[in-house]
Amino acid sequence: MSRLATTLCGIPLKNPVIAASGTFGYGLEFASLLDLNKLGGLCTKGLSREPIAGNPAPRLWEAEAGMMNSVGLQNVGVRAFVADKLPKLRHYRVPVFANVFGYAADDYAEVVRVLEDAEGIAGYELNVSCPNVKQGGIFFSSDPACLADLVTSVRRIAKRPLMVKLSPNVAKIEPLAQAAADAGADALSLVNTFLSLAIDAKTRRPRLGNGFGGLSGPAVKPIALRLVYEASRAVAIPVIGLGGIANGTDAAEFLIAGAQAVQVGTATFWDPRAPVRIARQLDRFVRDQRLQSVRQLIGTLQLKQGIH
Ligand SMILES: Cc1cc2nc3c(=O)[nH]c(=O)nc-3n(C[C@H](O)[C@H](O)[C@H](O)COP(=O)(O)O)c2cc1C
């Protein structure tokens with residue numbers, strides 16, 4: 001599959017298809033279902049300072065053409081990840097991106113400090129879709145100054161490549177993309193889930209235990225493509241695109257919009273092998289387009305005029 005070989009922030013990838021955070025556990029859960037060595041990379045479930053039990057059930061709801069979740073960032077905590085999961089992940093030749101979150105810049109910094117001492121991590125992905133408790137609950141992902149402070153404090157600690165995962169729940173993505181890049185991010189990934197609400201009309205209650213949830217899957221793809229296009233034009237650092245990718249053509253569309261790599265999330269719920277299948281389909285697409293390298297697709301959207 002050499003047509004698919006690429007690099008991201010200096011990290012060689014066999015292909016540009018990465019398993020997305022929160023939909024692929026810690027990777028190990030999928031080792032009996034697919035060959036982890038065939039992935040372009042994998043993002044772990046979000047890791048926090050201390051273990052988190054997550055939100056009340058139900059946590060998943062199948063929406064029209066998509067899925068809603070309110071898992072609530074359940075995870076084993078960074079120390080248990082380093083002690084129990086990472087040693088097993090090191091048996092595979094797959095770049096591991098540790099997804100990190102917290103409720104204050106100190107939390108993020110502490111998680112990254114613990115990960116810095118561990119072997120077997122290719123880079124970090126900061127999930128910034130959390131409320132900043134120290135600043136009255138403003139979301140890191142919606143305030144450029146707040147985001148810049150966070151990225152600056154993690155950048156001081158992180159020696160490995162630092163990816164910042166942006167939320168789509170903003171009026172304009174460019175100021176956030178630029179704030180993260182100026183503060184030292186090596187790459188951006190987008191999008192995270194869309195804030196949403198499903199209602200049971202008979203009981204007049206929310207379908208999810210936590211009330212609101214995050215929408216993902218095919219329903220969000222056109223919005224995600226627009227955001228990836230806008231972000232990739234606003235910054236010079238690489239953008240990784242995701243949101244509703246379910247087949248190789250979807251992946252190609254994100255590359256054409258300007259992404260240098262893609263991630264696959266919700267599709268893994270109905271096809272656990274989706275990331276590997278999508279890489280194979282993308283390889284066929286590249287071959288059928290008579291291209292030597294998948295990189296030749298990146299940022300090639302044809303526009304008669306600019307998009308307004
Ligand atoms: C069940 C579930 C859990 C998720 N957990 C995380 C997480 O821990 N950290 C994170 O950055 N994104 C998380 N996400 C967001 C996904 O990584 C991805 O950004 C989003 O679902 C859009 O991509 P998709 O449409 O391919 O799923 C989660 C998504 C789902 C569906």
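When a ligand or atom number is given, it counts from 1 through the structure's own listing order.
Considering backbone and side-chain N/O atoms, Ala20 never comes within less than 3.5 Å of an N/O atom of ligand 1. When only interatomic distances are considered, the shortest N/O to N/O separation between Gly46 and ligand 1 falls below 3.5 Å. Close N/O approach between Gly265 and ligand 1 is found [any backbone or side-chain N/O within under 3.5 Å]. Close N/O approach between Lys45 and ligand 1 is found [any backbone or side-chain N/O within under 3.5 Å]. Note: no N/O pair closer than 3.5 Å links Thr23 and ligand 1 by distance alone. Among the atoms of Ser21, some N or O lies under 3.5 angstrom from an N or O of ligand 1. Close N/O approach between Gly217 and ligand 1 is found [any backbone or side-chain N/O within under 3.5 Å].
Below 4.0 Å from some heavy atom of Gly244 lie the following atoms of ligand 1, by number and element: 24 (P), 25 (O), 26 (O).
Under 4.0 angstrom from ligand 1, there are no non-hydrogen atoms of Glu125. Under 4.0 Å from ligand 1, the heavy atoms of Asn69 that appear belong solely to its side chain. With a heavy-atom cut-off of 4.0 Å, Thr266 touches ligand 1 through backbone and side chain alike.
Between the side chains of Thr193 and Ser216, not a single donor N or O lies within less than 3.5 Å of an accepting N or O.
Note on ligand 1: Val191 sits in its first shell, one or more heavy atoms being nearer than 4.0 Å.
Ring planes of Phe30 and Phe24: parallel class, angle under 30° (limits at 30 and 60°).
When all heavy atoms of Arg155 and Gly184 are compared, the closest pair comes out as NH1-O, 3.0 Å.
Side-chain rings of Tyr124 and Phe97 stay apart, their centers remaining 6.0 Å or farther from each other.
Remark: Arg113 engages Glu110 in a salt bridge, criterion side-chain N to carboxylate O under 4.0 Å.
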